Protein chains: 2
Amino acid sequence: MSRPLPPPEDVPDVPVFARHDHARCAEGALAAAEAMAAAAGLRLTPVRRRTLEILLESHRAMGAYEVLERLAAEGFGRQPPVAYRALDFLVEQGFAHRIRRLNAFAACTRPGTDHQPVFLICRGCNAVAEAPGAEARAAVEAAATAVGFRVERASLEAAGLCPACAGAAAASSDAVR
Amino acid sequence: MSRPLPPPEDVPDVPVFARHDHARCAEGALAAAEAMAAAAGLRLTPVRRRTLEILLESHRAMGAYEVLERLAAEGFGRQPPVAYRALDFLVEQGFAHRIRRLNAFAACTRPGTDHQPVFLICRGCNAVAEAPGAEARAAVEAAATAVGFRVERASLEAAGLCPACAGAAAASSDAVR
DNA sequence: CATAGAGTGTTACTAAATAACATGTCAAGG
DNA sequence: CCTTGACATGTTATTTAGTAACACTCTATG
Ligand SMILES: [Zn+2]
Ligand SMILES: [Zn+2]
Ligand SMILES: [Zn+2]
Ligand SMILES: [Zn+2]
C-alpha cells in the first residue's frame with residue numbers, strides 16, 4: 001500500500017524562520033496529507049483532519065492538552081485519548097512529529113517526503129523547524145555501530161535561537177550597553 | 001571556580017553493553033563526582049549523594065518518582081521536589097543526564113570529562129550508554145547554521161537494541177522458524 | 001548576635017499519558 | 001437481509017511527570 005516516497009529535493013523546503021505565505025504553506029501540507037492518506041487507503045477522519053489543521057495554524061509545537069482544548073471547543077470529545085489518538089495517527093503517518101524535548105507535537109513541514117530531520121526549537125518564539133538530518137543521522141548511526149548498537153529510531157533536537165530571536169536578543173543587549 | 005575539563009580520551013570509556021565490573025564502575029563515578037564537587041566548592045549532600053548512588057546502581061534510566069520512592073524508603077523526604085531537586089543538581093553538575101525520550105535520568109558514565117554524548121537507549125534491557133557525539137553534534141550544528149539557527153543545547157538520542165538484546169532477538173526469531 | 005543564603009522538607013496543584021470499557025459505523029460474508 | 005468483525009470515537013478513572021509556594025534549619029559573614 002505504501003509507495004516509495006519522493007526524495008527531499010523534489011519538494012520545496014519551508015522557510016519556517018523566514019516570513020512566508022503561511023496560509024499557502026498550511027494548505028499545501030494539508031493537501032499533501034489528504035493525497036497521501038487517499039493513496040494509502042487511510043482514513044483522514046474529521047478529528048484527525050481537524051487536529052492536523054490546528055497544528056498547521058503555526059509552526060509552534062503544541063501540547064496534547066492544548067490541542068484537546070481546541071477539539072473539545074469544536075464539539076469533538078473532551079477527554080485526553082481523543083487528542084492522543086489523533087496525534088498518534090498523524091505521527092505514525094508522518095503528517096506530524098513528536099518533539100520530545102517539549103512533550104509536544106508539530107505538523108510536519110515536508111509531509112510525503114523521505115526525511116529524517118533535525119528539529120530546531122527556538123526558545124524565543126517557540127517555532128520548530130526541520131533541518132536536513134541525513135549527515136547527523138549518519139554520524140549517530142556510526143557512533144552506535146561502533147559499539148554494536150542497532151539504531152531503530154533517533155530523535156535529534158536542538159534548542160536555541162532562530163535568526164529573528166537571536167537578532168532581537170543582540171539588539172536588546174546593545175540597548176543595555 | 002570551574003577548571004578546564006580533561007579531554008574524553010584521558011578517561012577510560014564505560015562498556016555499558018558489555019559485562020564489566022560494575023561495582024568498580026559505580027564506585028569510580030561516585031569518587032569522580034566527589035572530587036569534582038570538592039574542587040568546585042559544591043555540596044554533595046546526603047540526598048544528592050544517595051540519589052547519585054541510586055542512579056549508579058545500574059545503567060538504566062530511572063524516572064524521578066522511582067528515585068523518590070527509594071529516597072523516601074530510606075528516610076529522606078517523600079515529596080516530588082526532593083527527587084527533582086537532587087536530580088536537577090546532578091544534571092547541572094554533569095553527574096547525571098536527563099533522557100528526554102524516557103522522561104528519566106541516568107548517571108553519567110564519564111563524569112568530569114568534556115563530553116557531549118549521543119545516548120543509546122536499548123528497548124530490550126533499558127540500558128542507556130553514551131557514545132561519542134562530537135561528529136553528530138557538528139553535523140547538527142552545521143545543519144542549524146545553514147538556516148541561521150544558533151544552537152544552545154542539543155539532545156541526541158537513539159533508541160534500538162544493544163548487542164546482547166539484538167542477539168537474543170535474533171535467536172528467538174530463529175527458534176520460531 | 002543579626003541576617004542572608006543554601007538546602008531540605010512540606011502542601012497543593014498543574015500537566016502529560018495510558019488503561020479499560022461502551023458505543024457507533026460500515027464493509028464484507030453467509 | 002442480517003450477522004460479524006474491524007475500526008474509529010467517546011467515556012471514566014488512574015498513573016506518571018513536573019512545578020509553585022511556603023516553612024524550617026543550618027551555616028557562614030559582618
Ligand atoms: Zn508556514
Ligand atoms: Zn517532517
Ligand atoms: Zn557499570
Ligand atoms: Zn555523561
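Chain letters run A, B, ... following the sequence lines, proteins first and then strands; every chain starts at 1. Please read all numbers here as calculations on a predicted model, not as lab measurements. Only this structure's heavy atoms are used, side chains among them; waters, hydrogens and symmetry mates stay out.
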Would you kindly compare A/Thr45 and B/Ala64 by the position of their nearest DNA chain D nucleotide and give the one closer to the 5′ end? A/Thr45
Working to the nearest 0.5 angstrom, can you tell me the gap between B/Arg101 CZ and A/Glu157 CD? 9.0 Å
To the nearest Å, give me how far apart CZ (A/Arg78) and P (D/dA13) are. 16 Å
side-chain contact (heavy atoms from CB on, under 4.5 Å) partners of B/Arg98, counting only residues at least two apart: B/Asp88, B/Arg100, B/Phe105
Among residues at least two apart in sequence or on other chains, which ones pass side-chain contact (heavy atoms from CB on, under 4.5 Å) with B/Ala107? B/Leu52, B/Leu55, B/Leu56
Which ILVMFWY residues are connected to B/Tyr84, directly or by a chain of links, through side-chain heavy atoms under 4.5 Å apart? B/Tyr65
Leading and trailing nucleotides of DNA chain C with any atom under 4.0 Å from heavy atoms of chain B: C/dG7 to C/dT11
Partner set under side-chain contact (heavy atoms from CB on, under 4.5 Å) for A/Arg70, not counting sequence neighbours: A/Arg50, A/Ile54, A/Glu57, A/Glu74
Taking NZ, NE, NH1 and NH2 as the nitrogens, is one of them in B/Glu53 or B/Arg48 under 4.0 Å from a carboxylate oxygen of the other? no
For nucleotides 19-30 of chain D, give me one character per nucleotide, 5' to 3': B if any protein heavy atom sits under 4.0 Å from the base, S if the only such contacts are to the sugar-phosphate, - if neither. BB----------
Round to a whole Å and report the spacing from CG of B/Leu102 to P of D/dA17. 10 Å
Nearest whole Å is fine: how far is D/dA8 C1' from A/Phe89 CZ? 11 Å
Does A/Arg123 come within less than 4.0 Å of B/Glu152, counting only side-chain N to carboxylate O? yes
Taking CG from A/Leu42 and C1' from D/dA8, how many angstroms apart are they, rounded to a whole number? 13 Å
Identify which one of B/Glu92, B/Gln93, B/Met36 satisfies the side-chain contact (heavy atoms from CB on, under 4.5 Å) criterion when paired with B/Leu42. B/Gln93
Separation of D/dC7 atom P from A/Arg48 atom CZ, nearest Å, is 11 Å
